[in-house]
*Asks:* 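One structure, as structure tokens, below. Some questions next.
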Amino acid sequence: MIDATPPGRVSAYEWYRAPTSSGLFYGALIGAVLIIIMYLRVVLMETDNPAMLLTVVLIGAMVGVVIGSLLGGLSGAAIGMIAVAVRRMKWRAGVHLLSCLFFSPLLFAGPLSALGNASGSIFDVRFQFFLLITAAGGIGHGFLLFGRLCSVAKTDEQESRSSSEDRID
């Protein structure tokens with residue numbers, strides 16, 4: 001395999017892998033928390049059976065991990081493709097921030113809003129609460145992925161500086 005990356009620079013694979021793997025991990029955590037919040041709201045406010053609480057939390061956490069990691073991985077893959085495309089640009093931080101704050105909320109809240117629009121429940125207050133929670137989780141996910149991309153950019157700059165110093169010596 002031929003690596004076209006100049007010496008001292010982070011490879012395109014790393015630019016893609018970092019947000020994708022982080023997206024899976026952060027998505028699983030955020031998905032579990034969001035589903036538990038939604039389930040607890042339903043159980044505590046709309047049922048009289050507190051014994052369901054433990055079951056709901058466990059099932060909600062499992063469902064949230066699966067759904068969150070799927071959406072987080074898809075979001076991370078899309079952001080990773082953009083990161084690979086702009087990895088040598090000086091203005092890459094702005095593109096990373098915009099892509100993180102666009103794709104993560106879109107993939108976390110988008111399917112739910114499409115479902116609400118198709119079912120006609122988009123104007124229901126409970127549904128809007130769920131939509132707000134998923135959009136907030138998507139924005140949080142976007143900021144976490146942006147932080148991960150900033151650490152890759154920092155590594156890239158450090159490796160670039162060290163390789164240029166080696167060439168001078």
*Asks:* Do Val66 and Ile35 sit in one hydrophobic cluster, given that two such residues count as connected whenever their side-chain heavy atoms are within less than 4.5 Å of each other, even indirectly?
*Replies:* no
*Asks:* Can you label the angle between the Phe108 ring and the His141 ring as parallel, tilted or perpendicular, going by 30° and 60°?
*Replies:* tilted
*Asks:* Less than 4.5 Å apart, any side-chain heavy atom of Ile59 and any of Val63?
*Replies:* yes
*Asks:* Apart from Leu74 itself, which Ile, Leu, Val, Met, Phe, Trp or Tyr residues share its cluster (side-chain heavy atoms under 4.5 Å, direct or through members)?
*Replies:* Leu70, Leu107
*Asks:* Under the side-chain hydrogen bond (donor to acceptor under 3.5 Å, both in side chains) definition, can you give me all pairs with a residue in residues 70-84, not counting sequence neighbours?
*Replies:* Ser75-Ser104
*Asks:* Please find the pair of heavy atoms, one from Gly137 and one from Leu34, that lie closest to each other, and give the distance.
*Replies:* CA-CD1, 3.8 Å
*Asks:* Tell me which pairs pass side-chain hydrogen bond (donor to acceptor under 3.5 Å, both in side chains) where either residue lies in residues 128-140, with sequence neighbours left out.
*Replies:* none
*Asks:* What's the shortest heavy-atom distance between Gly73 and Leu24, and which atoms?
*Replies:* CA-CD2, 3.6 Å
*Asks:* In the hydrophobic clustering that connects Ile, Leu, Val, Met, Phe, Trp and Tyr at side-chain heavy-atom distances below 4.5 Å, which members other than Phe146 occupy its cluster, ordered by chain and number?
*Replies:* Leu97, Leu101, Ile139, Phe143
*Asks:* Going by salt bridge (Lys or Arg N to Asp or Glu O under 4.0 Å), name the pairs with one or both residues in residues 23-35, residues two or more places apart or in two chains.
*Replies:* none
*Asks:* I need the full list of salt bridge (Lys or Arg N to Asp or Glu O under 4.0 Å) pairs touching residues 129-152, with sequence neighbours left out, sorted by first then second residue.
*Replies:* Glu14-Arg148
*Asks:* Counting C-beta onward and ignoring hydrogens, is there a side-chain heavy-atom pair between Val86 and Trp91 closer than 4.5 Å?
*Replies:* yes
*Asks:* Quick check: does any side chain N or O of Asp156 sit under 3.5 Å from a backbone N or O of Arg9, one acting as donor and the other as acceptor?
*Replies:* no
*Asks:* For salt bridge (Lys or Arg N to Asp or Glu O under 4.0 Å), just list the numbers for Glu157 and Arg87, CA-CA rounded to whole Å, side-chain angles, deciding distance to a tenth of an Å, and then say yes or no.
*Replies:* CA-CA 11 Å; Glu157 289 173 12; Arg87 71 184 184 275; over 6 Å; no
*Asks:* Carefully, step by step, assess Trp15 and His96 under the rule ring-ring contact (aromatic ring centres under 6.0 Å, His included).
*Replies:* CA-CA 11 Å; Trp15 281 102; His96 291 165; 5.6 Å; yes
*Asks:* Could you tell me which non-hydrogen atom of Leu145 sits nearest to which non-hydrogen atom of Pro19, and how far apart they are?
*Replies:* CD2-O, 3.5 Å
